[in-house]
Amino acid sequence: MDRLKAQASKNRDAAKVLRSRGKGTAAKQMEARADELESGRVTDVTDSVVGLFRWAQGG
């Protein structure tokens, strides 16, 4: 969950930059994604995917 919160924070920072550059639509999309990440509806599967790659490589 910490990864998701960290990514949401990065998305919000990116949205600020986009908005300052006049890209309001893209900024809204980034903020919507940040909201989704913070909502708990998104599952962090990073560790599972890494485990599958290691298993597939035989290690």
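The figures here come from the full heavy-atom set of this structure, side chains too, leaving out hydrogens, waters and symmetry mates. Fair warning: this is a prediction, and the values are worked out from it, not measured in the lab.
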* Heavy-atom distance under 4.5 Å between the side chains of Lys28 and Arg19, does that happen here? -> yes
* Smallest separation among heavy atoms of Ala15 and Ala27, with atom names -> O-CB, 3.4 Å
* Asked: Looking only at heavy atoms, which two atoms of Arg33 and Asn11 are closest? And how far apart?
  -> CG-ND2, 3.3 Å
All side-chain hydrogen bond (donor to acceptor under 3.5 Å, both in side chains) counterparts of [X], not counting sequence neighbours:
{"X": "Thr46", "result": "Asp44"}
{"X": "Gln29", "result": "none"}
{"X": "Asp47", "result": "Arg3"}
{"X": "Arg12", "result": "Asp35, Glu38"}

* **Derivation of the salt bridge (charged side-chain N to carboxylate O under 4.0 Å, His left out) call for Lys16 and Glu31** => CA-CA 9 Å; Lys16 289 176 188 174; Glu31 289 170 342; over 6 Å; no
* **By side-chain contact (heavy atoms from CB on, under 4.5 Å) - contacts of Val17 (at least two apart)** => Arg21
* Residues clustering with Leu18 (ILVMFWY side chains joined when closer than 4.5 Å, directly or via others) -> Met30
* Separation of Leu52 CG from Gln57 CD (nearest 0.5 Å) -> 11.5 Å
* Distance from Ser39 atom OG to Leu4 atom CG, nearest 0.5 Å? -> 9.0 Å
